[in-house]
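First up is the structure itself, then whatever we jot down about it.
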Amino acid sequence: MAKENKQEFVQHITPRSENFSQWYTDVVTQTDLMDYTPVRGCMALRPYGNRIWELIHEQLDGMFKETGHENVSMPMLIPESLLLKEADHVEGFAPEVAWVTHGGNEPLQERLAIRPTSETLFCTMFAKWVHSYRDLPMKYNQWCSVMRWEKTTRPFLRTAEFWWQEGHTVHATADEAQEETLLMLKVYQDFCEKNLSIPVFAGQKSDKEKFAGARATYSVEAMMQDGKALQAGTTHNFGTNFSEPFEVKYLSKEGVLEYCHETSWGVSTRLIGAIIMTHGDERGLKLPPMIAPFQAVILPIAAHKGGVMEHCEEAYKQLKAAGIRVKLDDRDNVSPGWKFNEWELKGVPVRVEMGPRDIENGVATVMRRDTFEKTTVPLANLAEGIQALLNDIQANLFNIANDFRLAHTKDVFSYEELAEQVDGGYARAMWCGERACEDSIKEKLNATSRNMPFDQTPIADTCVCCGKKAEKLIYFAKAY
RNA sequence: CGAGAUGUAGCGCAGUUUGGUAGCGCGUCUGGUUCGGGACCAGAAGGUCGCAGGUUCGAAUCCUGUCAUCUCGACCA
């Protein structure tokens, strides 16, 4: 009976190797991260998933503060006239805007967009708040949700409503704006690599792929375990594209009225999807310790026997005092074996088993989720031992993901090589810079340009697509 | 938005072809024995069959519409 049970449960998750997409959906829905709602394409974040987002929020917010940013809050609704002010912007977002048309029972004179992003609101307010060069730079951020009426949705990766942060800054000079754009890209890269253990490619987007209304867009691109690309974060330099229509101007030291230079940047709950797809395995989630809601879970074995619960509680206190996010699973209605599987499914980095045998020996049996390696740690320095393990797991997850990424990234020199490489990986190629080649690659290979790395050392002279003189080194991949 | 599939108890499913009392497994609850990789025994509870119309004496089952989810494609800062 027990064995049949287990098979049924494990079969629940479609094998990752068999159907990556289905595996992802199964993991997402069976780990209490989110649930579907009656609203089309909108998910509910459940406590476990929401806690991951809170940890991302806390840690990123700290990095924003360190780089001199402050949080503000803007309205959810944007009057249509404001959205229409920047031509490229409205063209880019119009197809996916949800509209409010009534206030109570009265039709509105002007319909209101539910924000798909808040550039237009920020610009309107910046126009009021910025007067002098003394007011600059103004570096703001907001944590909120936005809505985009997507045609097809997928949990975390593309939902109609999603939670994110959007930073918006105003600067006196083009140089400062560019510096800010690259600084925040670096912040995102560091956050992905250090906090989430997700290695990324940082670089500049092509004109075809850049943000609606931006002069330059940059991105950090992650690689999922099926070799497809996921844009993990972006930063934009708007130059004066928005400040001109919105009249965001300042009086310079020299007494001249100048347009401001603006930037924006954002990451979203999509990062949770990236974590799942980068680290997960056949048994479910594998969470990097830094954003794991529980970094360690203590499981009593034979809890009814003398001393077991007492020792577990003591260990709990010790770990908690050491600042480790720890859970004592003292449920008496499921067996230890059940708990093992459940917490592995939910991706808890370290499991601490405490049974009569451990207590006799003055140790705890500890298993790490990334390698399934079991060790014993003396109770006297349990906290130190587990903290060391957590650090090691954090680093190991990055290394595994990084090895995978490098193994699935290749320099390509011909169209045939490109076609082969984008089927399950990133292709690093030379490109003439023409939109036509990107369009053709998209149409024939279903791959898009991801970004152009900052190190532009050429690997060839001719475009991988048309054979004309190459201008740029660029990554191509199929993307989520 | 196009093609295909699915929607029945908390979860996984059968029942739909051929209309006739709402079923199974797991979980849940109660009591007891267990506890180092998904424990066992006994008893119990739990469902307007996605939603709205229609056909019929009678609809989970047939028809129409609609909503949601999945797969593939198109689209997509």
Query raised in the report: In Watson-Crick or G-U wobble terms, both distances under 3.5 Å, what is the partner of B:U66?
Result: B:G50
Report task. Rounded to the nearest angstrom, tell me the gap between atom CD in A:E150 and atom P in B:C1. Result -> 13 Å
Report summary line: A:F211 CZ to B:C76 C1', in whole Å, measures 13 Å
Query raised in the report: Rounding to the closest angstrom, what is the interatomic distance between B:A60 and B:G53 at atom P?
Result: 14 Å
Report task. Write down the distance between CG (A:D358) and C1' (B:G36), rounded to a whole number of angstrom. Result -> 8 Å
Atom pairs and distances, side-chain donor-acceptor, residues 299-316 of chain A, under 3.5 Å, sequence neighbours left out:
from, atom 1, to, atom 2, distance (Å)
A:E310, OE1, A:G307, N, 3.4
A:H311, ND1, A:G307, O, 2.9
A:Y316, OH, A:K320, NZ, 3.4

**Report entry** Residue A:N341, side-chain heavy atoms: nucleotide from B:G37, B:C35, B:C76 that is nearest
**Finding:** B:G37
Query raised in the report: B:U18 and B:C29: how far apart are their P atoms, nearest whole angstrom?
Result: 44 Å
Query - B:U61 and B:A74, which share atom name P, separated by this distance in whole Å - result: 36 Å
Requested in this report: Let me know the distance between CE of A:M309 and P of B:C35, rounded to the nearest Å.
Outcome: 16 Å
**Report entry** B:C35 pairs with, by Watson-Crick or G-U criteria that keep both distances under 3.5 Å
**Finding:** none
Query raised in the report: Using the rule for Phe, Tyr, His and the six-membered ring of Trp, do A:H304 and B:U34 stack at under 5.5 Å and under 30°?
Result: no
Report summary line: To the nearest angstrom, the CG-C1' distance between A:L157 and B:C76 comes to 13 Å
Report task. Please lay out, stage by stage, how A:H168 and A:S264 fare under the test side-chain hydrogen bond (donor to acceptor under 3.5 Å, both in side chains). Result -> CA-CA 4 Å; A:H168 297 267; A:S264 84; 4.6 Å; no
Requested in this report: Quote, to the nearest angstrom, the P distance that separates B:G4 from B:U56.
Outcome: 30 Å
Report task. Tell me whether the OP1 or OP2 atom of B:A39 has a side-chain N or O from A:S335 closer than 4.0 Å. Result -> yes
Report task. Write down the atom of A:Q189, the atom of A:V200, and the distance for their closest heavy-atom approach. Result -> CG-CG2, 3.7 Å
Query raised in the report: Counting only Watson-Crick or G-U wobble pairs whose two distances fall under 3.5 Å, which nucleotide matches B:G58?
Result: none
Requested in this report: Pick base, sugar-phosphate or nothing for A:R270, based on heavy-atom distances below 4.0 Å to the nucleic acid.
Outcome: nothing
**Report entry** Euclidean distance for P, B:C24 against B:G43 (whole angstrom)
**Finding:** 15 Å
Query raised in the report: Is the NZ or CZ atom of A:R405 both under 6.0 Å from the centre of the six-membered ring of A:Y426 and within 45° of that ring's axis?
Result: no
Requested in this report: For A:R357 and A:T365, test the side chains for any donor-to-acceptor distance below 3.5 angstrom and give the result as yes or no.
Outcome: no
Requested in this report: Could you let me know what B:U28 is paired to, Watson-Crick or G-U wobble, both distances under 3.5 Å, or none if it's on its own?
Outcome: B:A44
Query raised in the report: Any donor-acceptor pair under 3.5 Å between the side chain of A:E344 and the base of B:G37?
Result: yes
Report task. Report which part of the nucleic acid A:E96 touches: base, sugar-phosphate, or nothing (heavy-atom distance under 4.0 Å, all strands). Result -> sugar-phosphate
Query raised in the report: So what does A:M367 touch, heavy atoms closer than 4.0 Å: a base, only the sugar-phosphate, or nothing?
Result: base
Report summary line: Separation of B:C40 atom C1' from A:W338 atom CH2, nearest Å, is 15 Å
Query raised in the report: Paired with B:A14: which nucleotide, if any, by Watson-Crick or G-U wobble criteria at under 3.5 Å for both distances?
Result: none
Report summary line: Under a 4.0 Å heavy-atom criterion, the protein footprint on nucleotides 65-74 of chain B, written with B, S and -, is ---SSSS-BB
Query raised in the report: What is the pairing partner of B:C75, taking Watson-Crick or G-U wobble pairs with both distances under 3.5 Å in any strand?
Result: none
Query raised in the report: Do the side chain of A:R270 and the main chain of A:F162 share a donor and acceptor less than 3.5 angstrom apart?
Result: no
**Report entry** Electrostatic pair A:R369-A:D281, nearest N-O below 4.0 angstrom
**Finding:** yes
Query - Whole-Å C1' distance, B:G25 and B:U64 - result: 36 Å
Query raised in the report: Between A:G92 and A:N333, who's closer to the 5' end of RNA chain B by nearest nucleotide?
Result: A:N333
Query raised in the report: Which part of the nucleic acid, if any, lies within reach of A:P116 when heavy atoms closer than 4.0 Å are counted: base, sugar-phosphate only, or nothing?
Result: nothing
Query raised in the report: When the P atoms of B:G10 and B:C76 are considered, how many whole Å apart are they?
Result: 41 Å
Query raised in the report: What interatomic distance, in whole Å, is found between C1' of B:C35 and the corresponding atom of B:C40?
Result: 12 Å
Requested in this report: Establish, yes or no, whether the cationic atom of A:K205 lies under 6.0 Å from the six-membered ring centre of A:F211 and within 45° of the ring axis.
Outcome: no
Report summary line: To the nearest angstrom, the CD1-C1' distance between A:I301 and B:G36 comes to 5 Å
**Report entry** Base-pairing mate for B:A22 - Watson-Crick or G-U, with both contacts under 3.5 Å
**Finding:** none
Query raised in the report: Taking atom types as modelled and ignoring hydrogens, do the side chains of A:T240 and A:R215 form a donor-acceptor contact shorter than 3.5 angstrom?
Result: yes
Query - A:D32/A:R46 under salt bridge (charged side-chain N to carboxylate O under 4.0 Å, His left out): CA gap, chis, key distance, verdict - result: CA-CA 6 Å; A:D32 299 335; A:R46 302 187 63 191; 3.0 Å; yes
Report summary line: Atom NZ of A:K339 and atom P of B:G27 are separated, to the nearest Å, by 16 Å
Report task. Using the closest heavy atom to pick a nucleotide of RNA chain B for each, name whichever of A:K305 or A:A479 lands nearer the 5' end. Result -> A:K305
